[in-house]
K.L.:
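Here it is: the structure, laid out below.
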Amino acid sequence: MDKVKALLIDVSYEDDENNSVLKIFVKDKNEGCWVYDNSFHPYFYAIFYDEKEIEKIRGMKFGEEKFSVLEIKETKMTAQGKKAHKVVFRKVSHLVQARKDFHDIGIKRFEYDVPFSKRYLFDNALEPGNFVEMEIEEVKTPKGKLYETKKGALRREIKSINKIDGDFFENAVVGAFDLETWSGKKFEVGAEPILMASVVSDNEKKVYSYETKKVKGMEMLADEKELVDTVTKKINEFDFIVTYNGDNFDFPYMKKRADKLKTKFLINGEEIRVKRHGLDNAVELEGKQHIDAYQIMKLLQRTGSVNTVKLDLESVSEKVFGVYKEKVFPSEINDAWKSGDAKKLTRLVDYNLKDSEVTYKIAKDFLPLFIEISKLTSQTLADTTRATTSQMVEDLLMKEAHLRCVIAPNKPHEGDVKTRTENPIKGAFVKEPMAGLHEQIAVLDFASLYPSIIISHNISPETLNCSHAECKKNVSSDGTYFCTKEKGLFPEIIERMLKQRLKLKAEYKKKKKEKGTDDKILFAKQWALKIILNSVYGYLGYARARWYSRECASAVTAWARGYIQETIKHAEKEGFKVLYGDTDSTFLLMNKKTKKEVEEFAEKVNKTLPDTMELEIDGFYKRGLFVTKREGGAAKKRYALIDEKGNLKIVGFEYVRRDWCNAAKETQKKVIELVLSQGNPEEAVKFVRKTIEELKSGAMPKKELAIMTLLQREPKDYDSIGPHVAAAEKAIARGKQLGVGSMLSFIITKGNEKASISDKAELEEFVEEGNYDANYYIENQVLPAVIRIMQELGYSREDLLQGGKQTGLSAWG
DNA sequence: ATACCGTAGGACGACT
DNA sequence: AGTCGTCCTACGGTAT
């Protein structure tokens, strides 16, 4: 028997005649292989009345195959406080049939929908991305079915398995590929040939093509078939195959072309699997991890880690890596390849290569983060990169619950999901600000407010309204109370993660300070914890969550509202004026008070708070601006601050919104800057006038006028046809492919006086330079963006306009 | 996840 | 019949 240590990469199973056999793909230094675990079988949990019922089930035959359960075992696991039995099956398909039958007989079942391979990872607390230590035996399979290994026709079987902690990312080979294809009239996956492909990995960078002219950096192949075969061979050398939108494009495309060209597109000897994943696809590979970097970017955008308007590789390259990347459009690709023009082809080769390079770089930079999430949740990297944050929390909870012998609650029925969704939970408190310009502002906020409340008040579904009389003191303003004697699942996990994160952050900082090194792994570890910690509260209120708890989620926000309101009261008692507050932050007007006094105030508050909660000082600002709403009262969630160094912080205003044109946004920013840093409204007025003049002259470039809006549904599904929908409809009529999720960039063009804004909206690409409605951009973009700011300083609309007496506005443009 | 802001469209009645 | 202002709804996007 061999002892083996190797990197855990994938987990799957295969069916033989009698059994579903679990297998994992591991890799030691050079070689990867499948190893099988015969001891692990599919199962779910059930609660039985008595032994008689169990005997009855043991004797029962299920399904068309007339199979019986493999065994029913007692466990230490509990569900709803009751001891559960494990009901074990030979095959996954048996489990699927039997879980229906169990339900029909009225037996309570649990965790019956946990996929077999996921089950294996949870039960053994294995962590993909970490090493595993195994005892392995090489055997000939009884049926004579042989499994090729390096040593011969033997199958490797696991006798024991454990994870080993460490950072082993270096042991995996990462490589990216990208295809350029011929664009036909109508797009259909695989309909047209692949013209070019690039492959970028740790070891090499290649661009392949055929038939066209050979240019520098291009490797010439005989034909498309050889291209497909070459790429197939190359990417089979990788452990992590990275694409950009390979779930929906590159992989399905390769498969289709391989079929057409009568060749094979196999990864590890197996066909790729295209699985439905919500609304789009996920491509799964055997024994390798397909990392779709586009999914990574989507997740980073959701968690607010990156903020780009579009998620195409050009925007990502520029916004995330600070490197300009040229876009080559489909028609140019066709042209370059067909013409064989050396200049055009060189540009295409470069484009194709950069696509793979950026894709590869996304993986290199962000995979450490996902590997850490993978370890925390015991999921494969491929699944982690496609998971929502709620799924991550749920996976973490299932893993941790299992270690505590707790069975997960079942997923809610659709009916419950509906009632949950229809009854939203009261959220945070936002204090109405004082409009106007303010000096010397201190901003305080609670560190990790929701997680710290969950820990402090021991908020968890099992600790809710416990039977102890003394716990009734730990009561929320909702009237719900939580046990103070036994720590709940949620607080326990969160507390551990919060402490761990602080430790990691300190370690990271120390290393940076002392050695000057930027330890990416340490950073990724704390980042992974941050993402999950920030998602726990959302999970409690997520309608599809197994551990959904309206009471818990509601208690968290109730306490949060209480704490911020108490802080505001406290500050006022100490002689501060409270300018504003939102959820966990409080803005104080210092008014002659010193920074030290603010610090002392924070200290005082902290003495009144539970140990795990902390009010921190976010910063001091020289000036701040809040504005009046159109309908009166001061606007919440919109303000601008400037610190002592002159750094501007603009929140909520048009400047930070994508659905306003650049001309308006930049003018607004300039106005804010002039007002806040120099207290110079006259200069601001001049600047506004300058922009207006430029608009009137007709010389404003169209890229300054484009308005970005996401098409959130199919055009026909809109009740109200706004400008972006109108622009989309016109573009579709011209043959442009648009649908849900398309980012639209449109311009309000010149038109007759009666036309509505929608009538004049056209996608940017169909608009000539200079064709814009100056009146619209002045009246509906620039002026609204600056007017409410200037109003706070006593300026009117007329003051902003040259001369102040404008007659026929429609004369413009 | 909830809280919040602001635009454009569209219905409606008053007025010309 | 056309125009104008008011009120409401639909919609997108942001803060935390």
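Proteins come first, then strands; the chains are lettered A, B, ... in the order of their sequence lines, and each starts at number 1.
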K.L.:
Show me the donor-acceptor pairs, under 3.5 Å and distance only, between side chains in residues 433-451 of chain A and residues at least two apart or in other chains.
P.N.:
{"residue": "A/His438", "atom": "NE2", "partner": "A/Met434", "partner atom": "O", "Å": "2.8"}
{"residue": "A/Glu439", "atom": "OE2", "partner": "A/Arg623", "partner atom": "NE", "Å": "2.8"}

K.L.:
Tell me: OH of A/Tyr777 to P of B/dA8, nearest whole Å?
P.N.:
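Atom-to-atom, A/Tyr777 to B/dA8, this comes out as 11 Å.
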K.L.:
Without swapping roles, check the side chain of A/Asp659 against the backbone of A/Thr709 for a donor-acceptor pair under 3.5 Å.
P.N.:
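Side chain of A/Asp659 to backbone of A/Thr709, a donor-acceptor pair under 3.5 Å: no, none is there.
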K.L.:
Tell me whether the OP1 or OP2 atom of C/dC11 has a side-chain N or O from A/His724 closer than 4.0 Å.
P.N.:
no
K.L.:
What pairs meet the side chain to side chain donor-acceptor pair (under 3.5 Å) rule with one or both residues in residues 296-308 of chain A, with sequence neighbours excluded?
P.N.:
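Counting only pairs at least two positions apart or across chains, the side chain to side chain donor-acceptor pair (under 3.5 Å) contacts touching residues 296-308 of chain A are A/Thr303-A/Ser305.
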K.L.:
Quick check on B/dA3: is either OP1 or OP2 less than 4.0 Å from any side-chain nitrogen or oxygen of A/Lys637?
P.N.:
no
K.L.:
Can you tell me how far P of C/dT16 sits from CD of A/Glu616, to the nearest Å?
P.N.:
16 Å
K.L.:
Looking at A/Asp611, I want to see if its CG is surrounded by more than 12 non-hydrogen atoms of other residues, nucleotides or ligands under 6.0 Å.
P.N.:
no
K.L.:
Answer yes or no: is there a donor N or O on one side and an acceptor on the other, between the side chain of A/Glu551 and the main chain of A/Leu464, under 3.5 Å?
P.N.:
no
K.L.:
Start with the C-alpha distance between A/Leu533 and A/Ile494, add both sets of side-chain angles, then the distance that settles side-chain contact (heavy atoms from CB on, under 4.5 Å), and finish with yes or no.
P.N.:
CA-CA 7 Å; A/Leu533 280 166; A/Ile494 292 176; 3.6 Å; yes
K.L.:
Could you tell me which non-hydrogen atom of A/Leu369 sits nearest to which non-hydrogen atom of A/Ala528, and how far apart they are?
P.N.:
CD1-N, 3.5 Å
K.L.:
Return a table of donor-acceptor pairs under 3.5 angstrom between the side chains of residues 534-549 of chain A and protein atoms on other chains or two or more places apart.
P.N.:
{"residue": "A/Asn534", "atom": "ND2", "partner": "A/Lys530", "partner atom": "O", "Å": "3.4"}
{"residue": "A/Ser535", "atom": "OG", "partner": "A/Ile531", "partner atom": "O", "Å": "2.6"}
{"residue": "A/Tyr539", "atom": "OH", "partner": "A/Glu394", "partner atom": "OE1", "Å": "2.4"}
{"residue": "A/Tyr539", "atom": "OH", "partner": "A/Arg546", "partner atom": "N", "Å": "3.2"}
{"residue": "A/Tyr539", "atom": "OH", "partner": "A/Trp547", "partner atom": "N", "Å": "3.2"}
{"residue": "A/Arg544", "atom": "NH1", "partner": "A/Glu414", "partner atom": "OE2", "Å": "2.7"}
{"residue": "A/Arg544", "atom": "NH2", "partner": "A/Glu414", "partner atom": "OE1", "Å": "3.4"}
{"residue": "A/Arg546", "atom": "NE", "partner": "A/Glu394", "partner atom": "OE2", "Å": "3.4"}
{"residue": "A/Arg546", "atom": "NH1", "partner": "A/Pro409", "partner atom": "O", "Å": "3.1"}
{"residue": "A/Arg546", "atom": "NH2", "partner": "A/Asp113", "partner atom": "OD1", "Å": "2.8"}
{"residue": "A/Ser549", "atom": "OG", "partner": "A/Cys552", "partner atom": "N", "Å": "3.0"}

K.L.:
Classify the angle between the aromatic ring planes of A/Trp559 and A/Phe482 as parallel (below 30°), tilted (30 to 60°) or perpendicular (above 60°).
P.N.:
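Aromatic pair A/Trp559/A/Phe482 classed tilted.
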K.L.:
Taking atom C1' of B/dA8 as reference, at what distance in whole Å does atom CD1 of A/Ile748 sit?
P.N.:
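Value for this atom pair: 10 Å.
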K.L.:
Give every donor-acceptor pair under 3.5 Å between a side-chain atom in residues 662-669 of chain A and any protein atom, sequence neighbours left out.
P.N.:
{"residue": "A/Lys665", "atom": "NZ", "partner": "A/Arg657", "partner atom": "O", "Å": "3.0"}
{"residue": "A/Thr667", "atom": "OG1", "partner": "A/Ala663", "partner atom": "O", "Å": "2.5"}
{"residue": "A/Thr667", "atom": "OG1", "partner": "A/Thr691", "partner atom": "OG1", "Å": "3.4"}
{"residue": "A/Gln668", "atom": "OE1", "partner": "A/Glu654", "partner atom": "N", "Å": "3.4"}
{"residue": "A/Gln668", "atom": "OE1", "partner": "A/Tyr655", "partner atom": "N", "Å": "2.7"}
{"residue": "A/Gln668", "atom": "NE2", "partner": "A/Glu654", "partner atom": "OE1", "Å": "2.9"}
{"residue": "A/Gln668", "atom": "NE2", "partner": "A/Ala785", "partner atom": "O", "Å": "2.8"}

K.L.:
What's the NZ-P distance between A/Lys636 and C/dA15, to the nearest Å?
P.N.:
16 Å
K.L.:
Quick one: which of C/dT16, B/dA8, B/dG6 gets closest to the side chain of A/Asn780?
P.N.:
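Nearest nucleotide to the side chain: B/dA8.
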K.L.:
Measuring from the side chain of A/Ile757 (C-beta onward, heavy atoms only), which nucleotide among C/dA15, B/dC4, B/dA8 has the closest atom?
P.N.:
B/dA8
K.L.:
Mind listing the residues from residues 639-672 of chain A sitting with a heavy atom below 4.0 Å of DNA chain C? Number order is fine.
P.N.:
A/Tyr639, A/Val651, A/Gly652, A/Val656, A/Arg657, A/Arg658, A/Asp659
K.L.:
Taking atom P of C/dG12 as reference, at what distance in whole Å does atom CE of A/Met743 sit?
P.N.:
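Value for this atom pair: 11 Å.
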K.L.:
The test is ring pair (Phe, Tyr, Trp, His ring centres under 6.0 Å); show your working for A/Phe653 and A/Tyr639 and say whether it passes.
P.N.:
CA-CA 7 Å; A/Phe653 279 126; A/Tyr639 58 87; 8.1 Å; no
K.L.:
Specify the separation, in whole Å, of atom CE of A/Met708 and atom P of C/dT14.
P.N.:
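Taking CE of A/Met708 and P of C/dT14, I get 11 Å after rounding.
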K.L.:
For A/Ser758 and A/Ala726, indicate whether the former's side chain and the latter's backbone hold a donor-acceptor pair under 3.5 Å.
P.N.:
no
K.L.:
For the helix from B/dA1-C/dT16 to B/dT16-C/dA1, measure the angle between the helix axis at one end and the axis at the other, each built from five pairs, rounding to 10°.
P.N.:
0°
K.L.:
Set out, in order, the CA-CA distance, both residues' side-chain angles and the distance that settles side chain to side chain donor-acceptor pair (under 3.5 Å) for A/Glu614 and A/Ser452, then state yes or no.
P.N.:
CA-CA 8 Å; A/Glu614 201 189 347; A/Ser452 70; over 6 Å; no
K.L.:
Does the cation-pi check pass for A/Lys670 over A/Phe687, that is, NZ or CZ under 6.0 Å from the six-membered ring centre and within 45° of its axis?
P.N.:
yes
K.L.:
Where along residues 437-464 of chain A does a heavy atom come under 4.0 Å from DNA chain B, residue by residue in number order?
P.N.:
none
K.L.:
Which pairs, with at least one residue in residues 559-570 of chain A and sequence neighbours excluded, count as a salt bridge (Lys or Arg N to Asp or Glu O under 4.0 Å)?
P.N.:
A/Glu566-A/Lys569
K.L.:
Rounded to whole angstrom units, what separation is found between the NZ atom of A/Lys760 and the C1' atom of B/dG9?
P.N.:
14 Å
K.L.:
Can you check whether A/Tyr718 has a side-chain N or O nearer than 4.0 Å to OP1 or OP2 of B/dG10?
P.N.:
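No, outside the criterion.
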K.L.:
If you check every side-chain atom of A/Val430, which of B/dG6, B/dC4, B/dG9 has the closest atom?
P.N.:
B/dC4
K.L.:
Under 4.0 angstrom, heavy atoms only, what part of the nucleic acid is A/Arg788 near: base, sugar-phosphate, or nothing?
P.N.:
sugar-phosphate
K.L.:
Parallel, tilted or perpendicular: which fits the ring planes of A/Tyr777 and A/Tyr772, with parallel below 30° and perpendicular above 60°?
P.N.:
perpendicular
K.L.:
Within a radius of less than 6.0 Å around OH of A/Tyr294, do more than 12 heavy atoms belonging to other residues, nucleotides or ligands occur?
P.N.:
no
K.L.:
Among pairs that include at least one residue of residues 713-728 of chain A, which meet salt bridge (Lys or Arg N to Asp or Glu O under 4.0 Å), considering only residues two or more places apart or in two chains?
P.N.:
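Those involving residues 713-728 of chain A do not exist here.
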K.L.:
Does the side chain of A/Ser476 pick up a donor-acceptor pair with the side chain of A/Thr480 at under 3.5 Å?
P.N.:
yes
K.L.:
Has A/Ser758 got a side-chain N or O lying under 4.0 Å from the OP1 or OP2 atom of B/dG9?
P.N.:
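The answer is yes; a side-chain N or O of A/Ser758 sits under 4.0 Å from OP1 or OP2.
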K.L.:
Short of 4.0 Å, heavy atom to strand atom, which residues of residues 709-717 of chain A count as contacting DNA chain C?
P.N.:
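Heavy-atom contacts with DNA chain C come from A/Thr709, A/Leu710, A/Gln712, A/Arg713.
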K.L.:
Could you list by number each residue of residues 418-428 of chain A showing a heavy-atom separation from DNA chain B of less than 4.0 Å, or answer none if no residue does?
P.N.:
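Residues of residues 418-428 of chain A that come under 4.0 Å of DNA chain B are, in numerical order, A/Pro424, A/Ile425, A/Lys426, A/Gly427, A/Ala428.
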K.L.:
Verify, without hydrogens or angle tests, whether A/Asn647 (side chain) and A/Asp643 (backbone) share a donor-acceptor contact under 3.5 angstrom.
P.N.:
no
K.L.:
What is the separation between atom CD on A/Glu394 and atom P on B/dA1, rounded to the nearest whole Å?
P.N.:
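In whole Å, B/dA1 P and A/Glu394 CD are 14 Å from each other.
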K.L.:
What residues from residues 533-548 of chain A pass a heavy-atom cutoff of under 4.0 Å to DNA chain B?
P.N.:
A/Gly541, A/Tyr542
K.L.:
Does OP1 or OP2 of B/dA1 have a side-chain N or O of A/Arg550 closer than 4.0 Å?
P.N.:
no
